[in-house]
Amino acid sequence: MIGYLDIILRLVIWFLLTSDISVPNIIIGVSVAFLLPRSATSPARLKDWMRALGETLVAIPQAYAEAIEIMVRPHLREDITMERVKPQRTPGLIFLDIFIITFTPKTIVLKYHEDGWYEVHWIKRRSRK
């Protein structure tokens with residue numbers, strides 16, 4: 001059985017994409033949430049989802065601060081790093097991790113590698129020499 005947290009994530013994404021909370025759209029969204037293919041991984045734990053939600057709430061003010069910092073002090077250096085995916089992540093949690101990384105203006109996930117790595121592009125201030 002598909003986890004209720006995965007259904008909620010799919011519905012939230014559906015409502016964000018459609019911007020419509022009418023009864024027909026809710027019926028379509030619930031249908032889509034149940035018809036999308038399921039993953040073969042074990043269901044996520046509520047503790048992991050709460051931690052991801054907390055990271056999302058922290059990322060919002062961080063994004064504003066980084067946007068102001070980029071406007072005030074230019075960032076001229078770019079780096080690409082590989083970051084390890086947290087252990088035992090379901091596809092829904094991996095999606096949220098990528099969203100959190102990409103939400104902040106200084107970072108973007110370029111690629112998710114199936115062997116458990118994110119390729120992340122960073123902009124940084126030029127290091128003083």
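Since this is a predicted model, take the numbers as computed values, not measurements.
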Are any non-hydrogen side-chain atoms of [X] and [Y] less than 4.5 angstrom apart?
X	Y	answer
K124	D79	yes
E119	E83	no
I108	W122	no
L110	Y118	no

List the atom of [X], the atom of [Y], and the distance in Å for their closest heavy-atom pair.
X	Y	value
V30	L11	N-CD2, 3.6 Å
A67	P105	N-CG, 3.8 Å
R125	R77	O-CB, 4.1 Å
A63	F103	CB-CE2, 3.6 Å
I94	V85	CG1-CG1, 4.2 Å
E55	I100	CB-CD1, 3.6 Å

Connected via hydrophobic side-chain network under 4.5 Å: [X] and [Y]:
X	Y	result
V58	L53	no
L16	I8	yes
F34	W14	yes
L93	V12	yes

How far does [atom1] of [X] sit from [atom2] of [Y], to the nearest 0.5 angstrom?
X	Y	atom1	atom2	result
R73	M71	CZ	CE	13.0 Å
T18	I26	OG1	CD1	9.5 Å
T104	Q62	OG1	CD	5.5 Å

N/O donor-acceptor pair under 3.5 Å between T102 side chain and F99 backbone =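 Answer holds: no.
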Ion pair check, K106 and E78, cut-off under 4.0 Å |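 Result for this pair is no, no salt bridge flagged.
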With side-chain contact (heavy atoms from CB on, under 4.5 Å) as the test, would you mind laying out the steps for N25 and I21 before giving the verdict?
-> CA-CA 6 Å; N25 194 50; I21 307 189; 6.0 Å; no
Results of ring-ring contact (aromatic ring centres under 6.0 Å, His included) for Y64 - residues two or more places apart only =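 Per chain and number, Y64 pairs via ring-ring contact (aromatic ring centres under 6.0 Å, His included) with no residue.
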Residue list, ring-ring contact (aromatic ring centres under 6.0 Å, His included) with F95, at least two apart or on another chain |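 Partners of F95 by the ring-ring contact (aromatic ring centres under 6.0 Å, His included) criterion come out as none, since no residue qualifies.
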Counting only heavy atoms not in K111, do more than 12 fall under 6.0 Å of its NZ?
->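 Counting other residues, nucleotides and ligands, NZ of K111 stays at 12 neighbours or fewer.
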S19: what forms a side chain to side chain donor-acceptor pair (under 3.5 Å) with it, not counting sequence neighbours?
->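 By the side chain to side chain donor-acceptor pair (under 3.5 Å) rule, S19 matches no residue at all.
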For the residue pair D20 and S22, confirm or rule out a side-chain donor-acceptor distance under 3.5 Å.
->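 Yes, side-chain donor-acceptor contact under 3.5 Å.
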